[in-house]
Structures are given as structure tokens and as C-alpha cells.
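Scroll down for the structure; my scribbles are underneath it.
The sequence lines fix the lettering, A, B, ..., with proteins before strands; numbering per chain opens at 1.
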Amino acid sequence: MSTRALDHEELFPIREVSRLTGINPVTLRAWERRYGLIQPTRTESGHRLYSQADIDEVRSILGWIERGVAVSKVGRILAKSLNSKEQNLTSRSDESLADFKQWQAQLRQALRGFDERRLEQVYGQVFSSYPQLVVFQDILMPVWQDLRCTHEAFGQASEWLFLDSFLRGRVLQRLQLAHEQQELRVVLAAIPGQCHELELLVAALLLGTSEIAISVLGLGQPLEELSLVCERMMPQALVLFSNHPPASDLPKRLARLALSLECPLLLAGEAADLAQDSLIGSQVACLGSEGHLMRQRLQQYLDGHLDS
DNA sequence: CTTCTAACA
DNA sequence: TGTTAGGA
């Protein structure tokens, strides 16, 4: 704690990184050698020094591994999705990033004590300082993701669960409040698979505006029945959500689904970032995974389609 | 304690 | 693909 004069420039030896991420040092070196996955700076004697950004990269690798992606394929994915996230981060000042970390630290402290009152308090304070989108996308969800895939200490699984159920409750609450008298209605469904409920709910929250009401379908929603559901709900659009790498047959399945729908079909989440190349020229539009962009593109898309 | 490569499971 | 062995 005391030696952190410059948080950004602080460097860690491999053993520390291993402790922080739960990855064996030798495995860390194997990733670097075989897949070129993290390239830390070196001391003159050749010892690796990892920056905070390197450690964050290890964590995101862990996230993809947990979603069933082979380590050899993570590199490509990271190269793509880093683009959209990096742009988001570099456009932000260092001091606001430091502020985010402060709030995240407070959040982690509340979680460590399983202190619900404290958690509510921090949650409320964050909301009084930042807009909803920033609160979820830049402060709360990164902690949720870290806790989910990092095994830094015994008990983190419980802390993750504690946060997850707290946030699910709060987000549901907000979703209910958000439903008022919007003119446009959009249906949001998860691509069946391994999506967490919270990710879908947060996406719904971030996509909604004063003009667009989002209706969320349950997690197990079968893709094949969506045309039926849309026939009866008659939304202005159907948005599919996934944070997982798209299966190779996904573009075809989506194209087929799009043909059977009365309304336009859109894709959101990390899957949208990763699949957008294979979907150009198809009926399926990609919203991306960044909150601002998603909302903006959805709005524009609807505007354009309602004119014609 | 770190580094590396080659071979194993 | 992660881990082990062996040497520096």
C-alpha cells in the first residue's frame, strides 16, 4: 500500500502476477512463448516485469478461457475486442480512471465483509457521482468480471455470488422503473448458451432510452421460437445478446432467423464485435458491446427503418 | 529466486 | 495445452 507512488507505472515480477491471477508462472511463460499473449518488459538481466495493463490482459484471457475459448484462439479475439475497449479507455482521462479504481476498491471492501449495508451505500454513492452507463460499464461490471474469473484468494467465489445476486436485484428494480410510456419497443434475448443473467439485464438497462422500451426474454429462450414470439409481441426490433465468441454457424443461423422475422434483427455484446465481419452484407446489424455505441446505433437503426 | 528449452501426459 | 525436468 505504501509504495504505490505511481499506480500506473508500477511493475510486478512474475511470481506476483502468478499470485494475483492464479496462473502458474510457467504457464504464463508458455502463453507468451507459444501464443505471444502478453509481452512484459524485461530487466537488464532478462526478468519479466508486468504492468497493470499486462495483468488486466491476463484477467481478460482468463475470462475468455472460462467461456470455453482455447488459449490459442484468445489472441485473435483480444486483438479485436481490445480495439473497441481501448478506444473507450484512452478517450478517458487518467484521473477519472483513478476515480473508478477508488470506487471499485470500496466495492471490493464491502464484498470482502459481505456487508450488504455497505454495499448499498457504495452503490448509491456511485450513482450520485456518475450516470448509469458509467456506473455499470466502467465501475460495477469490471469488478463482477474480475471476481468471476480470478482466484486470487479463497472466498472469491462467494464474493462474486454476493455481488451477482445484489446487482441482479438492483438491475431488475431499475428495469421495472424504466418501463413507462415509450413509443418504441425492442425485444432483447440472449443467444442460448452460457450467458449470465446479469449480463443480459445490464444490456437491457443500457439499451433502454426515453424513447425505446426494452423487453427482456428469459435466459433459456430458444432461437427457433423467436419468430413466433416476435409475431405476437410485434416489437420494432429484436436484439440478440451474447458475450461469447460466436460459433462458426452463428452467422447462418442468424441470417435464417432474420428471414423469418417481421422486424429487423440486431446483434449486441462481445459476439457482435467478433462477428461483425462475417455479418456484413447480411440482414443482421451489429450494435457492438460498448454501451454508448449500442444505444446510439440502435436508435439510429430504428430511426432509419421507421422512415421507410 | 529467475531464465530457458525439450519432452511428457 | 499445462506441467515437469534439467541446466544455467
Interatomic distance where CG belongs to A:Leu28 and P belongs to B:dT2 [whole Å] | 11 Å
Scan side-chain atoms only and decide if A:Ser96 and A:Asp99 contain a donor-acceptor pair under the 3.5 Å cut-off.
-> no
A:Glu120 bridged to A:Arg117 by N-O distance under 4.0 Å = no
Run the ring-centre check on A:Phe127 versus A:Tyr123 and record whether the distance is less than 6.0 Å.
-> yes
Euclidean distance, A:Arg112 CZ relative to A:Gln156 CD, rounded to 0.5 Å = 8.5 Å
To the nearest 0.5 Å, tell me how far A:Gln182 CD sits from A:Ile212 CD1.
-> 9.0 Å
So what does A:Ser45 touch, heavy atoms closer than 4.0 Å: a base, only the sugar-phosphate, or nothing?
-> nothing
State whether A:Arg42 and A:Glu32 are salt-bridged, where the test is any N-O pair (Lys NZ or Arg NE/NH1/NH2 against Asp/Glu carboxylate O) under 4.0 Å.
-> yes
Would you give a per-nucleotide map of nucleotides 2-8 of chain C, 5' to 3', where B means the base has a protein non-hydrogen atom under 4.0 Å away, S means only the sugar-phosphate does, and - means neither?
-> BBB----
Applying the Watson-Crick and G-U criteria (both distances under 3.5 angstrom) with [ ] for crossing and | for other-strand pairs, one obtains for DNA chain B .|.|||||.
Whether A:Arg59 side chain and A:Gln145 backbone form a donor-acceptor pair below 3.5 Å | no
Is there a donor-acceptor pair under 3.5 Å between the side chain of A:Gln283 and the backbone N or O of A:Ala255?
-> no
